[in-house]
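In what follows, every heavy atom counts, from backbone to side chain, and hydrogens, waters and symmetry copies are set aside. For the single chain, residues carry numbers from 1 onward in sequence order.
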Amino acid sequence: MLDTETKGTGAEVLPLDDRKAIEGRGVVVVEPKTKPEQPPAPKLPRKFKLVDVMTRRVLAEDADLRTTVDLLAGIRSIVDVSIQVWEPKADRWQQLTQREARMLWDMRDRH
């Protein structure tokens, strides 16, 4: 059932179950439906996969950041490896951008 009461400037149509009348004023207030709050999912540490581009041999899979950076220290050139990160929402490995791969590559010299 819909309320189609006019206010002189037009009609306002609201479902009756979504409104609350304030006594004596004839004013209708729509209360927004609130979704129950869920705590955000905890962020898991990133997992990396390194693949030799010439041989397609997997050098590391499910490696943490420290292990990945340590492995990169033994690689001659950034173009010799494919660096991927696990994306849990997509449930697949995602290739790092050149900028992201360069950031990891530059970390080799810092430790």
Task: Given T68, L96, L104, L65, the one that forms side chain to side chain contact (heavy atoms under 4.5 Å, CB included) with V85 - done: L96
Open item on the list: Contact between V58 and L50 at the side-chain level, heavy atoms closer than 4.5 Å - yes or no?
Closed with: no
Task: Apart from L44 itself, residues in the same hydrophobic cluster as defined by side-chain heavy atoms under 4.5 Å - done: none
Open item on the list: Is it the case that over 12 heavy atoms from other parts of the model lie below 6.0 angstrom from the CD atom of Q98?
Closed with: no
Task: From K49 atom NZ to S82 atom OG, the distance as rounded to the nearest 0.5 Å - done: 8.0 Å
Open item on the list: Which residues pass the side chain to side chain donor-acceptor pair (under 3.5 Å) test with E87, not counting sequence neighbours?
Closed with: R46
- [ ] For the residue pair V81 and L59, establish whether any side-chain heavy-atom pair is separated by less than 4.5 Å.
- [x] yes
Task: Residue list, side-chain contact (heavy atoms from CB on, under 4.5 Å) with I78, at least two apart or on another chain - done: A101, R102, W105
Open item on the list: Run the salt bridge (charged side-chain N to carboxylate O under 4.0 Å, His left out) test against D80 and tell me which residues pass, sequence neighbours left out.
Closed with: R76
TODO: Using side chain to side chain donor-acceptor pair (under 3.5 Å) as the criterion, list what pairs up with D64, not counting sequence neighbours.
DONE: T67
Task: Counterpart residues, side chain to side chain donor-acceptor pair (under 3.5 Å), relative to R92 (two or more places apart) - done: Q94
TODO: May I have the step-by-step check of side chain to side chain contact (heavy atoms under 4.5 Å, CB included) for W86 and D91, ending in yes or no?
DONE: CA-CA 7 Å; W86 180 252; D91 196 32; 3.1 Å; yes
Task: Heavy-atom pair of closest approach, residues V53 and R56 - done: O-CD, 3.6 Å
Task: Residues in side-chain contact (heavy atoms from CB on, under 4.5 Å) contact with D62, at least two apart in sequence or another chain - done: K47, W93
- [ ] Give a yes or no on whether V79 and M103 share a hydrophobic cluster (residues Ile, Leu, Val, Met, Phe, Trp, Tyr; joining criterion: side-chain heavy atoms under 4.5 Å apart).
- [x] no
Task: Close side-chain approach of L72 to I83, heavy-atom, < 4.5 Å - done: yes
Task: E100: side chain to side chain donor-acceptor pair (under 3.5 Å) partners, not counting sequence neighbours - done: T97
